[in-house]
Amino acid sequence: MIERAMARAGSPIPRRRPQLPDEVASHVREQIMTGSLREGDYLRLEYIADELGISVTPVREALLALRGDGFVELEPRQGFTVRPLSRRDLSDVYWVQATLAGELASRVATTVTSEELDELDAVQHDLEAAAQRGDTATVEALDSRFHHDLSREAASDKLTWFLGIAVRYAPQHLTTVAGWPEASASDHTAILRALHDRDAEAARTAMSAHITHVGELLIEQLERQGFWDERV
């Protein structure tokens, strides 16, 4: 999305209402993945359109796309409803992300230059400073930039593309899950250490552990919210 690309480039992100189906889909997907919408909830096109200040047409297109992605279903004469989301679903999403991101980090460890490491160190320094002052919006932007820059330096376009697809199935905003900003500030340290040591396996392990950690934080939050109460 445009906002994420700007964040990765370090540019200010203008606040604006979603205008396109993929942006609406991201909005609804975020609500499902963070427990604001739950299994069986009806998704009223008019309500979502009014909430976002847009017409119904992009909302319908977004929900049809989410139906294809397995997030919602279309029931005859009833409309769109949220499909079940299990603990295993979330664990699988983060396992895929951890596996792909870990491989990319391992490749970067063998090719990263001193200049690229300096850039990553600078991003991490600013991220930690933002986390200490509680500036979660900046932490989120810098976290996105850190991971984007690292993936770019792997020079593995297809693998990065697959990772991008996997990332779509997880919340995009650090502020939606307790502990995420802190995890970004602390977990990156081990990743950077492995990159400085040019240790591919350590980089893989550190990155995989980081992604797994943030997935666990999301699952723990949903459990506290009673997201799976009385569900199998």
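Nothing here was measured: the structure is a model prediction, and the numbers come from that model.
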### Query
Can you check whether Ser184 reaches Phe146 side chain to side chain, under 4.5 Å on heavy atoms?
no

### Task
Please identify each residue that fulfils side chain to side chain contact (heavy atoms under 4.5 Å, CB included) with Ala209, with sequence neighbours left out.
none

### Query
Closest approach of Thr110 and Ala200, non-hydrogen atoms and distance?
CG2-CB, 4.0 Å

### From CZ (Arg83) to CG (Leu37), nearest 0.5 Å
15.5 Å

### Task
Calculate, to the nearest 0.5 Å, the distance between atoms CG and CZ belonging to Leu222 and Arg38 respectively.
8.0 Å

### Task
Mark yes or no for whether Ser144, through its side chain, and Ala141, through its backbone, hold a donor-acceptor pair below 3.5 Å.
no

### Message
With a sphere of 6.0 Å drawn around CZ of Arg88, does it hold more than 12 non-hydrogen atoms of other residues, nucleotides or ligands?
### Response
no

### Task
Only counting residues at least two apart or in another chain, list the ones meeting side chain to side chain contact (heavy atoms under 4.5 Å, CB included) with Thr99.
Trp95

### Message
Could you measure the distance from the CD atom of Glu23 to the CG atom of Leu52? Nearest 0.5 Å is fine.
### Response
10.0 Å

#### Entry: Minimum-distance pair of heavy atoms, taken over all atoms of Ala105 and Leu195
O-CD2, 3.8 Å

### Task
Apply side chain to side chain contact (heavy atoms under 4.5 Å, CB included) to Ser55 and list each qualifying residue two or more places apart in sequence or on a separate chain.
Thr57, Pro58

### Nearest atoms (heavy-atom pairs only) where Ala170 meets Gln97
CB-NE2, 3.3 Å

### Message
By the ring-ring contact (aromatic ring centres under 6.0 Å, His included) test, which pairs, at least two apart or in different chains, include something from residues 34-72?
### Response
Phe71-Tyr169

### Query
Side chains of Thr138 and Arg133: closer than 4.5 Å at any heavy-atom pair?
yes

### Message
Can you confirm whether more than 12 heavy atoms, excluding those of Arg152, are under 6.0 Å from its CZ atom?
### Response
yes

### Summary
Looking only at heavy atoms, the pair that brings Leu218 and Met33 closest together is CD1-O, 3.6 Å

### Message
Any side-chain to backbone donor/acceptor pair from Ser151 onto His147? Under 3.5 Å, distance only.
### Response
yes

### Query
Backbone N or O of Arg87 within a donor-acceptor pair of the Glu223 side chain at under 3.5 Å?
no

### Contact check, side chains of Gln172 and Val167, non-hydrogen atoms, under 4.5 Å
yes

### Query
Do Glu140 and Thr136 touch side chain to side chain, with heavy atoms closer than 4.5 Å?
no

Side-chain polar contacts of residues 116-126 - donor-acceptor pairs under 3.5 angstrom, sequence neighbours left out - could you list them?
{"from": "Glu116", "atom 1": "OE1", "to": "Thr113", "atom 2": "N", "distance (Å)": "3.0"}
{"from": "Glu116", "atom 1": "OE1", "to": "Thr113", "atom 2": "OG1", "distance (Å)": "3.4"}
{"from": "Asp121", "atom 1": "OD1", "to": "His196", "atom 2": "NE2", "distance (Å)": "3.2"}
{"from": "Asp121", "atom 1": "OD2", "to": "His196", "atom 2": "NE2", "distance (Å)": "2.9"}
{"from": "Gln124", "atom 1": "OE1", "to": "His188", "atom 2": "ND1", "distance (Å)": "2.9"}
{"from": "Gln124", "atom 1": "NE2", "to": "Glu128", "atom 2": "OE2", "distance (Å)": "3.0"}
{"from": "Gln124", "atom 1": "NE2", "to": "Ala185", "atom 2": "O", "distance (Å)": "2.8"}

### Task
Indicate whether any N or O donor in one side chain lies under 3.5 Å from an N or O acceptor in the other, for Ser86 and Asp89.
yes

#### Entry: Check: Asp69 and Arg29 side chains under 4.5 Å, non-hydrogen atoms
yes

### Query
Taking atom CG of Asp50 and atom CG of Leu45, what is their separation to the nearest 0.5 Å?
11.0 Å

### Task
With rounding to the nearest 0.5 Å, note down the distance linking OG in Ser36 to NE2 in His27.
9.0 Å

### Summary
Residues at least two apart in sequence or cross-chain that pass side chain to side chain contact (heavy atoms under 4.5 Å, CB included) with Leu74, listed by chain then number, are Arg67, Phe80

## Note on the structure
Between Ala178 and Arg224 the two heavy atoms that sit nearest each other are CB-NH2, 4.0 Å

### Query
What distance separates Asp187 CG from Leu192 CG, expressed to the nearest 0.5 Å?
11.5 Å

### Task
Go through the steps to decide whether Ile32 and Asp41 satisfy the test side-chain contact (heavy atoms from CB on, under 4.5 Å), and finish with yes or no.
CA-CA 10 Å; Ile32 294 172; Asp41 284 350; over 6 Å; no

### Query
Quick one: which of Asp143, Leu217, Val139 gives a side chain to side chain contact (heavy atoms under 4.5 Å, CB included) with Trp180?
Leu217

### Message
If you compare all heavy atoms of Ala98 against all heavy atoms of Ile211, which two are closest, and at what distance to 0.1 Å?
### Response
N-CG2, 3.6 Å

### Query
Do Val177 and Val214 have side chains that get closer than 4.5 Å, going by heavy atoms?
no

